A.B. asks: 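Handing you this structure, nothing more for now.
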Amino acid sequence: FICNYISRRTWFTANPMEIGGTGGGQTNPRAEEIRHTLQRRRDASLVFHSVIQEHYKLLCKVRELDIQCRQLEKIQAEFQSENETLTLSLQDARRQLATQAAQEAVQADVQKLKEETLRLYQEKEKVVSEKDALAEQLDIVRDTCSRQIDEIQTVVSKRDDLQETIDGLRKELKTLQEANSASGEEMARRIQSDEDALKKVEALTVENNDLIARIVHLKDQEAQKMNEMNVLREKIIADAKMQASEIIAEAKQKSKKIAGKTDESIAPEAGEEDEGNVVPVRVKARFEKVHPGGCTAIASDLGMILATCGLDKVVRLWDPVSLKETACLRGSHATVNDVAVTSDSRLILGAEDHQAVRLWDAKSFRMINMSLTGHLGKVTGVSTYPSDAKQAASCATDRSIKVWKLDRGVCSRTIPFTSTAKRIKVLSDAGLIVTCHFDGRLRFWDVREKSVSPARVVDAHPSKEICGMHSLTTSNLTCTVGKDNYVSLIDTRTFKSLGRFGHPNLHVDSIGQPGISPSGGYISAGSKDGSIFIW
């Protein structure tokens, strides 16, 4: 191993031109890689130079001892041959010498030779023991070297793995740096776009303020016109009441002449008139099985369209004058729980169980290819703005209110609450909304505020479900009917209850719709047995 290592190291060190290529200032990548590898191996082998040098010294010492042992064996052989020669000489001397003195001298020489031989044997044994000890040390050094070689190979493999890991991490770092620079550029572009958007918002805010001022001016003009119309309406009503009174008096006189008695059922009883309103006593029209399974809601605009919906998944339109059905709007996938008509009488909105609000064209009677989706539960109520035909609001069993832009079909605001809402009504274009809930409470919301809490809460039916709700925006009144078999009347300006109305025979079903007369003088509610109660 050492010879191979030294020969490879000598060859790589002695042949730089063969590794480096042709020269001339050109750099060979393979040569550079080999040089780096040789440099790393030199750095890794510096730790074991001392061990290799010590091992080399021990090998040299073992060789010297081996040479000494061979010399001692040669001397031993010479002594053995000399001993044999001396033994033969001693035998010859014994024969030749007969005297005692000569024998003693020979014995003394023999004794000296024996002692010298013994000393040589002892030195030989000592040298042999030292050789064995050095051989054992050499074996230990060899084992140590082999272990260190294995450790070196392990360290080299780990170092190569770490080098590959470092290279991969460097590549990832470079990729992350490039991504970071790209994201920084994107962030700068977005910041610039946000600044441009803020400038546009400021310009739109100024324009919006101008538009609001114009709208307020137009509203004032409309209010003035409305007051003039109210005065004219009161005059017309007064004239109509006078004519009605004359007609009724003439009819009474004729009936007295013909039948001899007065039909008091035609005229209202004493105390049943409120500002000239007369309670109807006769059914003008009756339609059987219009919505098989039940009618869930009824809605109207300013007298041009009357819409009904029910469990049969359709919405039916009626003419309020001729009392005839004008259209049947289909396309809903589930029960239609509520219906509404926009202020311009162009769209019909239906709230269905299939988590959506469907839209129909009031002129072509076709479903518009745009549904208001976003609720996560059954849509229980829908309402349009009094004069803004581009906005609507809905409530659902997912306990949320959503305000919609009808021209784009998107949700502009979502308001969560804690109790499921049964019905919803938009009271003003400013964004005042009222909802009735299963816990018996009315909640009033101002969509202009960022808060998700109701502006006011009125406990109309304590701990009882509200089955229906009707609002009269011209009189600022809202009435509700609940499972406590009472009708509650609330003033939407003061958010206070004006009273609770009931009757022993009034039994409210889960689907109930109260009503308020146009003048605000009467309220009505239907019972399970089909009767209608009027207060």
Side-chain angles (χ1 to χ4, degrees), residues 1-71 127-195:
F1 171 82
I2 293 169
C3 293
N4 292 331
Y5 174 81
I6 293 172
S7 63
R8 287 201 303 272
R9 181 177 179 185
T10 304
W11 186 86
F12 282 124
T13 307
N15 294 276
M17 294 303 293
E18 295 179 4
I19 298 172
T22 60
Q26 299 180 356
T27 303
N28 189 350
R30 179 61 180 169
E32 289 295 328
E33 183 179 358
I34 293 172
R35 286 197 187 95
H36 288 308
T37 305
L38 292 175
Q39 185 62 33
R40 290 197 297 268
R41 289 184 176 178
R42 291 192 195 100
D43 295 337
S45 62
L46 287 175
V47 183
F48 307 99
H49 280 179
S50 59
V51 178
I52 295 171
Q53 289 176 358
E54 185 179 358
H55 180 264
Y56 184 74
K57 290 178 181 179
L58 290 173
L59 287 174
C60 294
K61 192 172 181 180
V62 168
R63 288 176 185 150
E64 292 175 358
L65 292 174
D66 190 32
I67 292 170
Q68 290 179 3
C69 289
R70 291 176 182 175
Q71 291 177 355
V127 169
V128 171
S129 62
E130 290 180 356
K131 180 180 178 182
D132 294 337
L134 290 173
E136 291 178 357
Q137 291 182 0
L138 182 61
D139 294 335
I140 294 170
V141 169
R142 285 176 179 172
D143 294 337
T144 304
C145 289
S146 63
R147 287 196 302 272
Q148 290 177 350
I149 289 167
D150 295 336
E151 292 176 357
I152 289 170
Q153 293 177 351
T154 304
V155 169
V156 168
S157 62
K158 290 182 178 179
R159 185 200 60 198
D160 294 338
D161 295 338
L162 289 173
Q163 187 66 33
E164 292 178 357
T165 305
I166 290 169
D167 294 337
L169 291 174
R170 284 177 179 172
K171 292 180 181 178
E172 291 179 1
L173 179 60
K174 186 176 179 181
T175 304
L176 290 174
Q177 289 176 349
E178 293 176 354
N180 190 15
S181 62
S183 62
E185 294 175 357
E186 181 68 21
M187 185 61 69
R189 289 195 297 271
R190 288 187 179 181
I191 291 171
Q192 185 64 32
S193 63
D194 290 342
E195 292 176 354

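Model, not experiment: these values are computed from the prediction.
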A.B. asks: Going by side chain to side chain contact (heavy atoms under 4.5 Å, CB included), name the residues that satisfy it together with Val62, two or more places apart in sequence or in a different chain.
C.D. replies: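 Checked Val62 against side chain to side chain contact (heavy atoms under 4.5 Å, CB included); matches are Leu134.
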A.B. asks: Testing the basics here: between Leu65 and Val127, what is the closest heavy-atom pair and its distance to 0.1 Å?
C.D. replies: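 It is O-CG1, 4.4 Å.
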A.B. asks: Check residues 161-171 and write down every donor-acceptor pair under 3.5 Å in which the side-chain atom is one partner and the other belongs to a residue at least two apart or another chain.
C.D. replies:
{"residue": "Thr165", "atom": "OG1", "partner": "Asp161", "partner atom": "O", "Å": "2.9"}

A.B. asks: Let me confirm one number: the OG-CG distance from Ser183 to Leu176, rounded to the nearest 0.5 Å.
C.D. replies: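 Output value for this atom pair is 10.0 Å.
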A.B. asks: Kindly write out the residues that satisfy side chain to side chain contact (heavy atoms under 4.5 Å, CB included) with Glu64, not counting sequence neighbours, or none if the list is empty.
C.D. replies: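 With neighbours one apart ignored, the set is empty.
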A.B. asks: Taking salt bridge (charged side-chain N to carboxylate O under 4.0 Å, His left out) as the definition, give me every residue that meets it alongside Asp66, ordered by chain and number, with sequence neighbours left out.
C.D. replies: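 By the salt bridge (charged side-chain N to carboxylate O under 4.0 Å, His left out) rule, Asp66 matches Arg70, Lys131.
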A.B. asks: What residues, two or more places apart in sequence or in another chain, satisfy side chain to side chain contact (heavy atoms under 4.5 Å, CB included) together with Leu138?
C.D. replies: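 Here the qualifying residues are His55, Leu59, Arg142.
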A.B. asks: Would you please name every residue forming a side-chain hydrogen bond (donor to acceptor under 3.5 Å, both in side chains) with Arg189, sequence neighbours left out?
C.D. replies: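 In terms of side-chain hydrogen bond (donor to acceptor under 3.5 Å, both in side chains), with neighbours along the sequence ignored, Arg189 is linked to Glu186.
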A.B. asks: Atom CG of Asp194 and atom CE of Met187: how far apart are they, to the nearest 0.5 Å?
C.D. replies: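 Between Asp194 CG and Met187 CE, I get 9.0 Å after rounding to 0.5 Å.
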A.B. asks: Test: salt bridge (charged side-chain N to carboxylate O under 4.0 Å, His left out). Region: residues 150-159. Which pairs qualify, not counting sequence neighbours?
C.D. replies: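 Every candidate salt bridge (charged side-chain N to carboxylate O under 4.0 Å, His left out) pair involving residues 150-159 fails, so no pair, neighbours aside, qualifies.
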A.B. asks: First locate atom OG1 of Thr154, then atom CD1 of Ile149, and finally report the distance between them rounded to the nearest 0.5 Å.
C.D. replies: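 Thr154 OG1 to Ile149 CD1: 11.5 Å, rounded to 0.5 Å.
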A.B. asks: Under the side chain to side chain contact (heavy atoms under 4.5 Å, CB included) rule, collect the residues that match up with Gln192, sequence neighbours excluded.
C.D. replies: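 In terms of side chain to side chain contact (heavy atoms under 4.5 Å, CB included), with neighbours along the sequence ignored, Gln192 is linked to Glu195, Asp196.
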A.B. asks: For residues 172-182, which residue pairs pass the salt bridge (charged side-chain N to carboxylate O under 4.0 Å, His left out) check, not counting sequence neighbours?
C.D. replies: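 Pairs touching residues 172-182 that pass the test: none.
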